[in-house]
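Structure first, commentary second.
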Amino acid sequence: MPLIVTGTVGIDDIHTPFAKAERVLGGSCTYFAAAASFFTQVRLVAVVGEDFDKDYQAVFGKFPNVDADGLEVRKGGKTFRWGGRYLENWNDRETIFTELGVVADRPPTPPEKYRDSRFVFLANSHPAIQKQLLESFPQRIFSVADTMNLWIDVARPDLVALLREIDGLILNDEEARMLTGKRNVISAGRQIIEEMGPMFVVIKKGEHGCVLVHDQGIAMLPAFPVEQVVDPTGAGDSFAGGMMGHLAAAHSKDNNVSMSSIQQALAHGTVIASFTIESFSLDRLATLTKEEVARRYTKFAEMVRV
Ligand code: AMP
């Protein structure tokens, strides 16, 4: 089933309690596509500026399942830039700066050949842009979006309009609270599926895993325990990429994405995310093999067995 992702491709400055990395390849779409590519082919739609160096573009070549033909390089434009700092507990981070650059002008135009995409993931970006892009894929059967505090804050009406059109939403616990006003993640999740449109919500709780609130029930999963975290950036997008990549591969012939297949896909997303955080940017994913993924998945399945 063709899987497509739209979102940001950008350049990040990251500060962790132990190290910093400047001008590294990042962006919501970047991590998603790399992670999903371990399970299926993934099409990427994003826009960067003329300042997007060839070396950054070359990184996509390390992921043969990523089709980056939808990466538009806009003349005269500036690439999306983001700077973040992790606090001592590693779970909380603050944004130092966000420079939208070309992302603020107008969305990228998806290539015509992507119109038949069936699984759609709207990685973090302005919700109005997410909605506009969603409408470019009329044959979609399963669409999921990610969002973040910035958009809940500055673009809530656009986000509410987007939620009416999608099957699933992924966000973290703090964002779920901001969106609904509910402190309890289950209550927040229920409010989203009962009042806002999606059939399911995945609420991420950082190193404590995630909760799935679905109209068929509730499920939860711990994170894979990583002792040597280098940089948590991209964990959420890789998690989503692993999940959607696994779903698109598992449903190559049927359209029936059940709650149990989402649960299984979440476990694969969890495993891929645990690799992302072992280095900065895509460094770890670029050397990762499918065998390593399978081994860690087996280990994870043993850990969570009840
Ligand atoms: P994650 O750690 O999974 O939440 O994703 C981190 C990535 O999201 C970074 O590489 C950033 O470039 C990108 N990012 C940060 N803020 C935004 C935003 N407002 N919209 C879209 N992408 C963002």
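Remember, it's 1-based here, ligands and their atoms both numbered in the order they're listed. In this text the structure is predicted, and so the values were computed from the model without any measurement. Only this structure's heavy atoms are used, side chains among them; waters, hydrogens and symmetry mates stay out. Starting from 1, each residue takes its place in the sequence as its number.
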| query | In terms of atom number and element, which parts of ligand 1 are under 4.0 angstrom from non-hydrogen atoms of G26? | reply | 10 (O)

| message | Can you confirm whether more than 12 heavy atoms, excluding those of E94, are under 6.0 Å from its CD atom? | response | yes

| said: Run the salt bridge (charged side-chain N to carboxylate O under 4.0 Å, His left out) test on R177 and E174 for me, step by step, so that the C-alpha distance in whole Å, both residues' side-chain angles and the decisive distance to 0.1 Å come before the verdict. | reply: CA-CA 5 Å; R177 244 171 247 145; E174 194 47 49; 2.9 Å; yes

| message | Angle between ring planes, F39 versus H268, binned at 30° and 60°: parallel, tilted or perpendicular? | response | perpendicular

| request: Might you point out which heavy atoms bring E278 and V230 nearest each other, and give the distance in Å? | output: O-CG2, 3.2 Å

| said: Would D237 count as being in polar contact with ligand 1, using the rule that some N or O on each side must be under 3.5 angstrom apart? | reply: yes

| request: Enumerate the atoms of ligand 1 whose separation from the nearest heavy atom of R93 is less than 4.0 angstrom. | output: 1 (P), 2 (O), 4 (O)

| query | Counting heavy atoms only, which of G234, S125, G236 is nearest atom 2 (O) of ligand 1? | reply | G234

| query | Just heavy atoms, cut-off under 4.0 Å: does L150 contact ligand 1 by side chain, backbone, both, or neither? | reply | side chain

| Should we count CD of Q228 as having more than 12 external heavy atoms under 6.0 Å? | no

| message | Less than 4.5 Å apart, side chain to side chain, heavy atoms only: is that true for S274 and F300? | response | no

| field | Qualifying residue for side chain to side chain contact (heavy atoms under 4.5 Å, CB included) with Y114, from V120, T6, V45, L44 | value | V45

| query | With only distance considered, is T233 within less than 3.5 Å of ligand 1 through an N or O on each side? | reply | no

| note | Logged contact type for A123 with ligand 1, heavy-atom cut-off 4.0 Å, is neither

| query | Are any of the side-chain heavy atoms of R296 and F224 separated by less than 4.5 Å? | reply | yes

| remark: Closest to atom 23 (C) of ligand 1 (heavy atoms only, candidates F80, F239, W82, F97) is F80

| query | How far is atom 21 (C) of ligand 1 from its nearest protein heavy atom, and which residue and atom is that? | reply | N124 O, 2.9 Å

| message | Which of the numbered atoms in ligand 1 are under 4.0 angstrom from any heavy atom belonging to Y31? | response | 10 (O)

| request: Could you tell me whether the side chain of F121 reaches within less than 4.5 Å of the side chain of I4, counting heavy atoms only? | output: no

| field | Which residue and heavy atom of the protein sit nearest atom 12 (O) of ligand 1, plus the separation | value | D12 OD1, 2.7 Å

| query | Under 3.5 Å between some N or O of ligand 1 and some N or O of M148? | reply | no

| said: Is there a polar contact between ligand 1 and T8, counting only N or O atoms under 3.5 Å apart? | reply: yes

| Is G27 in contact with ligand 1, taking contact as a heavy-atom separation below 4.0 Å? | yes

| Looking only at heavy atoms, is any part of W151 under 4.0 Å from ligand 1, and if so is it the side chain, the backbone, or both, or is it neither? | side chain

| message | Does R118 have more than 12 heavy atoms from other residues, nucleotides or ligands lying within 6.0 Å of its CZ? | response | yes

